[in-house]
2 protein chains.
Amino acid sequence: MDLDLSAGVGELTARLVDVPSVSGDEAPLADALESALGVLPHLTLHRDGNAIVANTHLGRPQRVVLAGHIDTVPIADNVPSTVKNGVLHGCGSADMKAGVAVQLKLAASVTEPVMDVTYVFYDCEEIVSERNGLGRLSRHCPDRLAADFAILLEPTGGVVEGGCQGTMRAAISVSGERAHSARSWLGRNAIHEAGDVLEVLRGYQPRQPEVDGLTYREGLNAVGIAGGVAGNVIPDECVVTVNFRFAPDLSADQAADHVREVFGRWDVTIVDAAGGARPGLRYPAAASFVAAMGGTPRAKLGWTDVARFAELGIPAVNFGPGDPMQAHTRGEHVAISDIETCEAKMAAWLSGAP
Amino acid sequence: MDLDLSAGVGELTARLVDVPSVSGDEAPLADALESALGVLPHLTLHRDGNAIVANTHLGRPQRVVLAGHIDTVPIADNVPSTVKNGVLHGCGSADMKAGVAVQLKLAASVTEPVMDVTYVFYDCEEIVSERNGLGRLSRHCPDRLAADFAILLEPTGGVVEGGCQGTMRAAISVSGERAHSARSWLGRNAIHEAGDVLEVLRGYQPRQPEVDGLTYREGLNAVGIAGGVAGNVIPDECVVTVNFRFAPDLSADQAADHVREVFGRWDVTIVDAAGGARPGLRYPAAASFVAAMGGTPRAKLGWTDVARFAELGIPAVNFGPGDPMQAHTRGEHVAISDIETCEAKMAAWLSGAP
């Protein structure tokens with residue numbers, strides 16, 4: 001499988017879609033990327049599993065990371081790609097082989113960028129966090145990710161989305177006393193009492209804080225509930241699992257404190273947590289990027305891998321071609337003109353065009 | 001395994017406990033009962049699987065059924081039986097080998113009762129209803145169960161408990177709209193809305209109706225709740241399973257109508273239902289039995305196999321030695337004097353003592 005990096009970015013996206021790379025099975029695509037990038041003399045390559053890091057070494061005062069995942073969700077009768085009326089259809093077309101194609105085109109064509117560039121292509125973004133390729137790189141070789149600024153080319157509809165909100169799951173356990181349901185007054189029904197937990201959730205007023213100039217929108221919601229012992233038993237436990245999406249002005253620890261306070265009457269167990277990322281738009285590289293891309297940046301509400309850069313102390317934004325609502329759909333598609341626009345704007349920015 | 005029916009009823013109970021008969025494994029005990037009863041010339045025997053029906057055939061104008069199950073819940077280090085200070089300990093001692101021992105003693109010793117008697121010993125009472133031996137008999141040979149009155153010798157602490165309440169399970173389904181939990185306002189959270197179902201349950205005022213002179217006590221309770229799609233999804237369904245325990249003045253159909261009305265705002269599915277049994281104490285045989293046993297009869301709140309007799313049109317009560325709270329406990333026990341009292345009273349009643 002040879003990838004022709006001199007092809008147009010739409011054509012290149014189609015070729016990437018045509019190499020299946022469902023999470024865990026990215027080796028053929030990683031091999032193809034390694035071959036295509038390996039012949040470029042201005043780049044140094046490092047491979048870690050099915051992740052590839054390619055960087056310029058021009059000695060520029062600033063370095064930017066352009067990152068994208070090469071895996072997709074499972075194929076749904078939508079490979080190979082098809083093109084109709086200038087729109088490319090296929091698994092991963094929007095999420096995010098269009099962004100990866102932009103990375104590849106920039107890596108091949110912008111040989112003398114005004115800042116050093118580290119291109120990161122990684123695996124296993126669409127599955128459990130433990131297997132995430134960017135997470136693995138940040139553990140194995142954090143120095144190779146070092147930069148002043150990072151851009152994650154996930155689909156944002158061509159708008160800069162700053163930072164991301166954090167996410168946390170907590171289990172709220174309500175206890176009661178078992179009894180035979182024929183004599184329910186001898187017990188205390190934990191499911192009934194869980195109604196109070198749901199009342200707290202329904203009355204909760206989420207914040208909409210402004211962080212570094214962008215407005216985030218928090219949310220606290222039940223995402224699971226389970227209770228019951230048997231069909232003839234008054235249950236003595238009911239667990240409500242809540243998901244707290246919190247703005248990046250709170251750390252994960254602060255978010256946990258908040259959840260414990262909100263549900264102070266019950267037993268609270270933090271199940272998992274991932275801090276968000278501040279938008280970082282006040283950094284010079286970020287500001288110049290936003291200015292170059294145009295439009296009004298907005299807050300990213302969903303958690304994304306920009307938070308992994310935030311953990312490394314690197315401000316990061318989301319910016320890429322394609323509509324994020326197309327992600328993971330059977331009819332996933334992306335307009336080729338959008339990919340071309342993204343490539344052109346980013347090439348101009350990297351080249352230092354006014 | 002030979003059972004000596006001339007032994008005292010306490011001794012006989014101990015021997016019954018010493019023959020393990022966990023539900024499904026009653027064959028050895030059923031064999032022993034068949035052998036012991038088979039030599040009694042005044043009884044006719046019928047065996048159906050591990051159930052045995054033994055009846056007198058004296059041509060009396062009235063017939064009474066004395067019924068008991070011979071199976072137990074799983075053994076919990078409490079076989080063989082032990083006796084300490086006049087109390088017999090062991091698996092099934094109270095629930096209900098003491099009652100079975102009373103049946104056996106009466107069957108052997110009261111050879112000329114004033115009414116004909118049908119002794120029913122059946123299997124699989126402690127497990128799923130479909131396998132219940134009394135239910136099987138009522139399908140295979142309902143004529144053999146025909147009687148004017150039935151007494152189920154489950155432990156009632158020596159008090160007549162009339163009839164039983166019905167029980168019904170229903171699933172209350174609350175629907176919503178899925179959304180990504182980072183943008184919860186685009187969805188409608190079914191778990192949050194299930195709070196309204198719990199509110200209805202908490203505000204529900206159960207009836208305490210008097211039926212045929214006994215006061216029942218209804219209950220409507222959640223016994224299960226389940227909802228949730230994934231940790232990052234606003235759930236679009238939550239199901240609350242409720243258990244309605246209803247007095248025997250309501251049929252199962254009427255109980256279903258009531259539950260549908262109470263939860264009229266949601267989708268209600270009746271999961272299963274078993275009607276109760278009216279106490280039937282106005283029937284002459286029942287009245288004479290209550291008078292002979294003494295004490296004030298009370299309503300049976302839990303569902304019992306008396307409802308199977310009610311389905312056959314036979315009024316039935318619960319009456320037997322042992323504390324029902326001992327049932328299914330590791331330390332299950334019964335006072336031997338209580339078994340002896342029960343035997344003596346019932347023998348006198350069957351013999352027509354004034």
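In the text below, chain A, chain B and the rest are named by the order of the sequence lines, each starting its count at 1. Side chains included, hydrogens not; waters and symmetry mates left out as well; all remaining heavy atoms used.
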Self-check item: Positions in residues 173-191 of chain B that reach chain A, provided some heavy atom is under 4.5 Å away
Solution: B:His180, B:Ser181, B:Ala182, B:Arg183, B:Ser184, B:Trp185, B:Asn189, B:Ile191

Practice problem: Enter the distance from A:Gln205:CD to A:Leu220:CG here, rounded to the nearest 0.5 Å. | Solution: 11.5 Å

Exercise. Determine yes or no for a side-chain-to-main-chain donor-acceptor pair under 3.5 angstrom, with A:Trp303 supplying the side chain and A:Met168 the backbone.
Key: no

Quiz item: Is it the backbone or the side chain of B:Asn232 that comes under 4.5 Å from a heavy atom of chain A, or both, or neither?
Solution: both

Practice problem: Considering only heavy atoms and a distance below 4.5 Å, find which of A:Val229, A:Val242, A:Asn221, A:Val240 pairs most often with chain B. | Solution: A:Asn221

Quiz item: Quick one: of A:Gly302, A:Pro206, A:Ala194, A:Ala226, who has the most non-hydrogen atom pairs under 4.5 Å with chain B?
Solution: A:Ala226

Quiz item: Should A:Asp249 and A:Arg207 count as an ion pair when the cut-off is N to O under 4.0 Å?
Solution: yes

Quiz item: Among B:Gly224, B:Gly228, B:Ala230, B:Gly227, which residue forms the greatest number of heavy-atom pairs with chain A at distances under 4.5 Å?
Solution: B:Gly227

Quiz prompt | Minimal non-hydrogen separation, B:Pro248 against B:Pro279, with atom names | solution = CG-CD, 4.5 Å

Quiz item: Relative to each other, are the rings of B:Tyr204 and B:Phe244 parallel, tilted or perpendicular (30° and 60° limits)?
Solution: perpendicular

Quiz item: So B:Arg131 and B:Asp71, salt bridge (charged side-chain N to carboxylate O under 4.0 Å, His left out) or not? Walk me through it.
Solution: CA-CA 12 Å; B:Arg131 292 182 61 188; B:Asp71 62 318; over 6 Å; no

Self-check item: Side chain A:Gln326, main chain A:Asp323, donor-acceptor under 3.5 Å
Solution: no

Quiz item: Counting heavy-atom pairs under 4.5 Å to chain A, which of B:Val271, B:Asp272, B:Ile225, B:Leu201 comes out on top?
Solution: B:Ile225

Practice problem: Report the C-alpha distance between A:His69 and A:Asp95 in whole Å, list the side-chain angles of each, state the deciding distance to 0.1 Å, and finish with yes or no for side chain to side chain contact (heavy atoms under 4.5 Å, CB included). | Solution: CA-CA 9 Å; A:His69 65 85; A:Asp95 182 17; 3.1 Å; yes

Exercise. May I ask you to decide whether B:Arg202 forms a salt bridge with A:Asp196, counting only side-chain N to carboxylate O separations under 4.0 Å?
Key: yes

Quiz prompt | Top of A:Cys238, A:Ala222, A:Gly195 for chain B proximity - count of heavy-atom pairs under 4.5 angstrom | solution = A:Ala222

Quiz item: In terms of heavy-atom pairs under 4.5 Å with chain B, which of A:Glu218, A:His192, A:Gln165, A:Arg169 leads?
Solution: A:His192

